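Reviewing the structure listed below.
Worth saying up front: this structure is predicted, and the values here are computed from it rather than measured.
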Amino acid sequence: MIYIKDLKNHVGETVTLKGWLFNKRSSGKVKFLILRDGTGYLQCVVFKGNVTPEVFELADHMGQETSFEITGKIKEEPRAIGGYEMDAVDLQVIGKSENYPITPKEHGVEFLIDHRHLWVRSRKQYAVLKIRHRIVKAIRDFFDERDFTLFDGPIITPNASEGTSTLFETPYFDLGKAYLTQSSQLYAEAGAMAFGKVYTFGPTFRAEKSKTRRHLTEFWMVEPEMAFYDLDDDMDLAEEFLEYIVQTVLEDRKEELKILERDTTKLESVVRPFPRISYDDAVKILHENGRDFEWGDDFGAPDEATISNQFDRPVMVHRYPAEVKAFYMKRDPENPKLALAVDVLAPEGYGEIIGGSQREDDYDTLVDRIKEHDLPLDFFQWYLDLRRYGSVPHSGFGLGLERTVAWICGIEHLREAIPFPRLIYRNTP
RNA sequence: UCCGCGUUAGCUCAAUGGUAGAGCAUUCGGCUGUUAACCGAAGGGUUGUAGGUUCAAGUCCUACACGCGGAGCCA
């Protein structure tokens, strides 16, 4: 099987390619069929004199997205998309396509999501999902090369790590209710005590009634967890990690970034060191920019945008008021009102892409925190075991895959960053 | 849950309260180098639903449904 991406090795040869009709133009006795095969696009030229009358007639009646097999000689052609072109001598339809809904003109969001199963064939969606795949591979490579062990958490969980209000619920045989995971972090902590450095990578589920371009009910998250790392070590890793992902995509997915018309200078500046500012500094920035903000609150989306707009690369905001953060985060020994937490805010208003912290490693303190948050102590006995048997300082963070994809691709909405988005009012197709 | 905007041809959108149109798609015709090709023609509508005001409603009013954007919450 020969694919379009490999045509540079077949110049001058007569080859047979298989794919779908992306677009078609004609001019009297010459027809241009744009073939799409999942690896690229190729303009196939059908001259009336080069093919049988039947084939020429057939070329005229193929609808958009018809699947077909075409044979012809490959030549270099700077005028054509991709730089190569085929002079066709034969053509065969594999599966016909009539009245394909997604035409080469503009469409609205609702229509496109209704046809998501077809929309992924479009050039821009194709580019986004190719980049998503490269990001996933970069994530795995990064941790694998640094001696992290993949240690996935369960999807079905018995309890909430931070309360049950935002969880999807499902009946579970005689045990009553179970929930879909909203984070594998607690399980990753168990892994870190076994393997030293681990990461989990999988889908997570949030039943939050968020109806914005930055939210999905099902999204993918990668969560590294490291024994003997403090908050500074955690931030060092997060910054190296983001630089690696962005620079890898810049290097490896130039073609796709071009299709997306991404301003790559905004990505080229994503190199270490990233600015690190405390929550207090961030509040100062908000006040200097005329925002009404009270110390102790968590940042809203417009606040995050104001902060991240001060910098040309991701900014790490650390040491948040403990009250707005999760129970498992360790307090700052120098100021017990603060949690040793860090959020990484992406540039260009893409918001929080990483949330992390140093974890509470003291048994008694953790028990107090669980009680303060009115969480059921019974459920956390296994988690407390990690503090009973050889507890160590440890840290980790979670990176939202779709937000990272959206940021790197420069797309408006998270729904385009995953093949089949799940939103509060949509679970089809 | 709250706030704002929207719903007209298969799609994207027009239409002072007065005969519902255009581009794309489709079908037919023309063109030997097109790049979202172009040119000509044809078909295609219970204007989201239910009421109301008016001589007259796509347009004004009310309710509902659905969609989009945002807030809160979060990755």
**OP:** Tell me yes or no: between the side chains of Trp295(A) and Asp280(A), is some donor less than 3.5 Å from an acceptor?
**Re:** yes
**OP:** Check if the side chain of Gln43(A) and the base of U34(B) share a donor-acceptor pair of N or O atoms closer than 3.5 Å.
**Re:** yes
**OP:** Check if the side chain of His107(A) and the base of C11(B) share a donor-acceptor pair of N or O atoms closer than 3.5 Å.
**Re:** no
Original post:
About how many Å separate CG of Leu118(A) and CD of Gln125(A), when rounded to the nearest 0.5 Å?
Top reply: 12.0 Å
Subject >> Identity of whatever pairs with C64(B) - Watson-Crick or G-U, under 3.5 angstrom >> reply: G48(B)
Original post:
Base, sugar-phosphate, or nothing for Lys124(A), non-hydrogen atoms under 4.0 angstrom?
Top reply: nothing
Original post:
Rounded to whole angstroms, how far apart are NZ on Lys29(A) and P on C31(B)?
Top reply: 5 Å
Subject >> Pair assignment for G69(B), Watson-Crick or G-U wobble, requiring both distances under 3.5 Å >> reply: C3(B)
Original post:
Of all the choices, G33(B), C74(B), A25(B), which nucleotide is nearest to the side chain of Glu208(A) once you look at every atom?
Top reply: C74(B)
Original post:
Are OP1 or OP2 of A71(B) and a side-chain N or O of Arg214(A) less than 4.0 angstrom apart?
Top reply: yes
Original post:
Rounded to the nearest Å, what distance is computed from the CZ atom of residue Phe22(A) to the C1' atom of nucleotide A25(B)?
Top reply: 15 Å
Original post:
Rounded to whole angstrom units, what separation is found between the CG atom of Leu423(A) and the C1' atom of G67(B)?
Top reply: 12 Å
Subject >> Of the listed nucleotides A75(B), G33(B), C68(B), the one nearest the side chain of Val45(A) >> reply: G33(B)
Subject >> Partner nucleotide, any strand, of G23(B) [Watson-Crick/G-U, under 3.5 Å] >> reply: C11(B)
**OP:** On RNA chain B, check which nucleotide each of Arg426(A) and Phe219(A) is closest to and give me the residue with the more 5' one.
**Re:** Arg426(A)
Original post:
Within less than 4.0 Å of OP1 or OP2 of G69(B), is there a side-chain N or O belonging to His413(A)?
Top reply: yes
**OP:** Can you tell me the distance, in whole Å, between the CD1 atom of Ile81(A) and the C1' atom of U34(B)?
**Re:** 13 Å
Original post:
In terms of side-chain heavy atoms of Asp298(A), which of C74(B), G70(B), G67(B) is nearest?
Top reply: C74(B)
Subject >> Glu256(A)/Lys130(A) salt bridge by N-O under 4.0 Å criterion >> reply: no
Original post:
What's the NZ-C1' distance between Lys211(A) and C68(B), to the nearest Å?
Top reply: 6 Å
**OP:** Report yes if a donor N or O on one partner sits less than 3.5 Å from an acceptor N or O on the other, where the partners are the side chain of Arg403(A) and the base of C74(B); otherwise report no.
**Re:** yes
Original post:
In a check of side chain to side chain donor-acceptor pair (under 3.5 Å) between Tyr328(A) and each of Gln185(A), Gln358(A), Arg359(A), His373(A), which one passes?
Top reply: Gln185(A)
Subject >> 5′-ward residue of the pair Thr212(A)/Gly28(A) relative to RNA chain B >> reply: Gly28(A)
**OP:** In whole angstrom, give the distance that lies between atom CD1 of Ile34(A) and atom C1' of U34(B).
**Re:** 8 Å
Original post:
Nearest-Å distance, CD1 (Ile102(A)) to P (C11(B))?
Top reply: 12 Å
**OP:** Counting Watson-Crick and G-U wobble pairs only, both distances under 3.5 Å, name the nucleotide matched with A57(B), or none.
**Re:** none
Original post:
What about Glu85(A), does its side chain sit under 3.5 Å from the base of G33(B) through a donor-acceptor pair?
Top reply: yes
Original post:
Any chance NE2 of His133(A) has more than 12 other-residue heavy atoms, nucleotides or ligands included, within less than 6.0 Å?
Top reply: no
Original post:
C74(B) P sits how many Å from Leu167(A) CG, rounded?
Top reply: 13 Å
Subject >> Selected nucleotide, minimal atom distance to Phe47(A) side chain, candidates C74(B), U34(B), U32(B) >> reply: U32(B)
